[in-house]
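Side chains included, hydrogens not; waters and symmetry mates left out as well; all remaining heavy atoms used. Everything quoted here is computed from the prediction, not taken from an experiment. Just so you know, ligand 1 is whichever comes first in the structure, and atom 1 is the first atom listed for that ligand.
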Amino acid sequence: MTADIIDGKIFSARVREKAGKQVAMLQADHGLTPGLAVVLVGDDPTSRVYVRNKGIATTEAGMKSEEIRLETTATEAEVMEVVHRLNADPTIHGILVQLPLPEQVDEMAVLDAIDPLKDVDGFHVINTGRQAVGLPAMVPCTPLGCLIVLKETLGDLSGLEAVVVGRSNIVGKPMASLLLAQNCTVTIAHSRTRDLAGVCRRADILVAAVGRPEMIRGDWIKPGATVIDVGINRIPKEDGKTRLVGDVCFPEAMDVAGAITPVPGGVGLMTVACLLANTITAACRQAGIAEPEV
Ligand code: GUN
């Protein structure tokens, strides 16, 4: 069997195009331009690339984009001051503080200070809780992107066995919660899981979000399973350069899975696309306008 490759470019282009049209409609019908502010503390090269891409995508969709940069040495109070200013700014509907933050800044305290209505990352405990109990919430962008891809690939997910490898607050836990809401039977596996390979082999849907290059091998995958690889790992090549790989050993998985997202070019592209969709949702909720479907 050779797996179908799930092309993240196609899925993300669709979400971004829809976002662009929705922004144009909000401007024409309501005079509302959704605004997104991204806060970057420090100069981590990976975070800088992510933040730049988010800014470009926001502007391309016709939204207001604001980027706020603080020094690596910024204090928690300085970060908080920025968050409070953005909370009070009526032209800003979404606030994203890029993680990780420098160690002198308490990440949870900063996330907690963001107005839950503007929390386009869906990391505020109010949004985590609301999503868990099935109330309207802001949903984290990467798991939301994975869910869109899964629903478009598989249709109804009801009754499927889903295994999420990784228990981070950013991906693993919200992903599991979203799959549960789709009536999947969900297992969250992690580094301490006994017989991890055996647990993975049960999965109709396998989501890998552990941050370990090519950890999930071909013989961990149930034949025909749909594999979503959230990992983005940079590994050295023989020529001294580097290349990106996921958490799944792609060539081995290609022989077993039914469908798989590649790295790069897979669900990574959906994160930015869903950020735009979340910013539109946030803007509509703040303005009391019926929100469009993602
Ligand atoms: N760092 C890595 N992924 C993310 C994300 O989705 N949101 C934020 N704020 N920081 C991140």
Nearest-neighbour protein heavy atom for atom 11 (C) of ligand 1, which is reported as residue plus atom name and distance: Gln98 NE2, 3.5 Å
Whether Tyr50 lies under 4.0 Å from ligand 1, heavy atom: no
Those atoms of ligand 1 less than 4.0 Å from some heavy atom in Leu96: 9 (N)
Donor-acceptor contact below 3.5 Å, side chain His30 vs main chain Leu32: no
Under 3.5 Å: N/O of Ile170 near N/O of ligand 1: no
Transitive ILVMFWY side-chain link Val256 to Ile216, under 4.5 Å: yes
Donor-acceptor under 3.5 Å (Asp204 side chain, Ala225 main chain): no
Heteroatom proximity flag, Asp121 to ligand 1, N/O under 3.5 Å: yes
Backbone N/O of Leu101 and side chain of Asp44: donor-acceptor pair under 3.5 Å: no
Closest protein heavy atom (residue, atom, distance) for atom 1 (N) of ligand 1: Leu99 O, 2.9 Å
Donor-acceptor under 3.5 Å (Gln286 side chain, His93 main chain): yes
